[in-house]
Amino acid sequence: IPEIASARAAQLTNKRLLMIGTDMACGKMTAGLEVYRWAKENQIDTGFVATGQIGITLMGSGIPLDAFKVDHACGAVEQMVLNQKNHDLVVIEGQGSLLHPGSTATLPLMRGSCPTHMILCHRADKTTLRHPESIKIPPLADFITLNETLASASGTYGKPKVMGIALNTVNLSEKEAQECIAHLESELKIPVTDVIRFGVEKIVKAWV
């Protein structure tokens, strides 16, 4: 059983990138792995904290976050992040969404990792959750503010910012994808990309 978390990750001096999302299964693991691959290819000392079964299978280590009782989930994440404290950058695989009524995963990821940066993952073709569709996705600017506020706890855990959006455009044509990316960048004033179609460099190169 992991120890109860005590915000020890906040005392680290490295960069800790948490993947967050507007829904389940919107590309958090994929985007995180693409950032990890890009960082390694660019000789950046990088670690990856897998938090789900598929991520663990791919990386060979990690924690099955959904197997921990809620009181111990933060501590499990914290220990994994501390285990990788010597890396300049640690990418933390996201789970769930603050927006989903059945998800409790985002908050222990935030508290356990004390992120310094976040990337928001979003399905470009969705205005509601996939299930239940009665839950509408709010304006992304508002959702970003929600995640930044909760991650920082009014400044208690630093001031992590959403540095970009990993937009899943699988159901759009390339032209539609480019138009959606341009629209969101104009609206939100942060970089946006589809990490599979166009790569991750745009959303990481300015701060990694």
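These numbers come from a predicted model, not from an experiment.
Side-chain atoms of Leu18 and Pro160, non-hydrogen and from C-beta on, never get closer than 4.5 Å to each other. In this structure the side chain of Ile20 reaches within 4.5 angstrom of the side chain of Val162, judged on heavy atoms. Side-chain contact check for His100 versus Thr106: every heavy-atom pair is 4.5 Å or farther apart. Within the 4.5 Å cutoff, the side chain of Thr127 has no heavy atoms near those of the Ile137 side chain. Using a 4.5 Å heavy-atom cutoff, the side chains of Phe198 and Ile181 are in contact. Looking at Lys159 and Ser154, their side chains never come closer than 4.5 Å, going by heavy atoms from C-beta outward. When side chains are defined from C-beta on, Val77 counts as touching Leu65, because their heavy atoms get closer than 4.5 Å. Residues Ile63 and Gln79 form no side-chain contact, since every pair of their non-hydrogen atoms from C-beta on lies 4.5 Å or further apart.
Residues Gly32 and Val91 approach most closely at O-CG1, 3.7 Å, considering heavy atoms. Nearest heavy-atom pair across Thr104 and Pro108 is O-CD, 3.0 Å.
The local environment of CD1 in Ile1 is sparse, with at most 12 non-hydrogen atoms from other residues, nucleotides or ligands closer than 6.0 Å. Around CG of Leu146, the count of heavy atoms belonging to other residues, nucleotides or ligands within 6.0 Å exceeds 12. Annotation: Glu3, atom CD; neighbour count of heavy atoms from other residues, nucleotides and ligands within 6.0 Å does not exceed 12. Within 6.0 Å of NZ on Lys202 lie more than 12 heavy atoms contributed by other residues, nucleotides or ligands.
For the atom pair CZ of Phe48 and CG of Leu58, the computed distance is 8.5 Å after rounding to the nearest 0.5 Å. Note that CG of Leu89 and CD1 of Ile44 are 7.0 Å apart. Values are rounded to the nearest 0.5 Å. Atom NE2 of His183 sits about 8.0 Å away from atom CG of Leu188, to the nearest 0.5 Å. Separation of atoms SG (Cys114) and CG (Leu109) is listed at 11.5 Å; rounding is to 0.5 Å. Taking OG of Ser61 as the reference point, atom CD of Gln84 lies at 6.5 Å (rounded to 0.5 Å). Note that OG1 of Thr46 is 11.0 Å distant from CD of Glu41, once rounded to the nearest 0.5 Å.
Side chain of Thr116 to main chain of Arg16: a donor-acceptor pair is present (N/O by atom type, distance under 3.5 Å, no hydrogens or angles). When atom types are taken as modelled, the side chain of Asn14 and the backbone of Val90 share no donor-acceptor pair closer than 3.5 angstrom. Between the side chain of Asp125 and the backbone N or O of Asn171, no donor-acceptor pair lies under 3.5 Å. Using modelled atom types, no side-chain atom of Lys205 and backbone atom of Val200 make a donor-acceptor pair closer than 3.5 Å. In terms of modelled atom types and a separation under 3.5 Å, the side chain of Glu93 and the main chain of Met29 share no donor-acceptor contact. Glu133 contributes no side-chain N or O that, together with a main-chain N or O of Thr128, makes up a donor-acceptor pair within less than 3.5 Å. In this structure, the side chain of Asp23 does not engage the main chain of Cys26 through any donor-acceptor pair within 3.5 Å. Under a 3.5 Å cut-off, the side chain of Thr57 and the backbone N or O of Gln53 do form a donor-acceptor pair.
Val49 and Tyr36 fall into different hydrophobic clusters, defined by Ile, Leu, Val, Met, Phe, Trp and Tyr side-chain heavy atoms under 4.5 Å apart, directly or through other members. Hydrophobic clustering keeps Met118 apart from Val204 (ILVMFWY residues linked when any side-chain heavy atoms are closer than 4.5 Å, directly or through intermediates).
In summary, the side chains of Glu201 and Asn42 do not present any donor paired with an acceptor at a separation below 3.5 Å, with no hydrogens or angles considered.
Ion pair Arg8/Glu78 flagged as a salt bridge, since at least one NZ, NE, NH1 or NH2 atom sits closer than 4.0 Å to an Asp/Glu carboxylate oxygen. Under 4.0 Å is where a charged nitrogen must lie from a carboxylate oxygen, and between Glu148 and Lys161 at least one such pair does.
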Query raised in the report: Under the side chain to side chain contact (heavy atoms under 4.5 Å, CB included) criterion, do Val81 and Leu12 qualify, and how do the steps go?
Result: CA-CA 10 Å; Val81 171; Leu12 302 177; 4.1 Å; yes

Query - Residue pair Leu17, Trp207: steps toward the side chain to side chain contact (heavy atoms under 4.5 Å, CB included) verdict - result: CA-CA 11 Å; Leu17 172 64; Trp207 57 271; 3.8 Å; yes

**Report entry** Pair Asn168-Lys126, side chain to side chain contact (heavy atoms under 4.5 Å, CB included): steps then yes or no
**Finding:** CA-CA 10 Å; Asn168 184 333; Lys126 300 298 290 184; over 6 Å; no

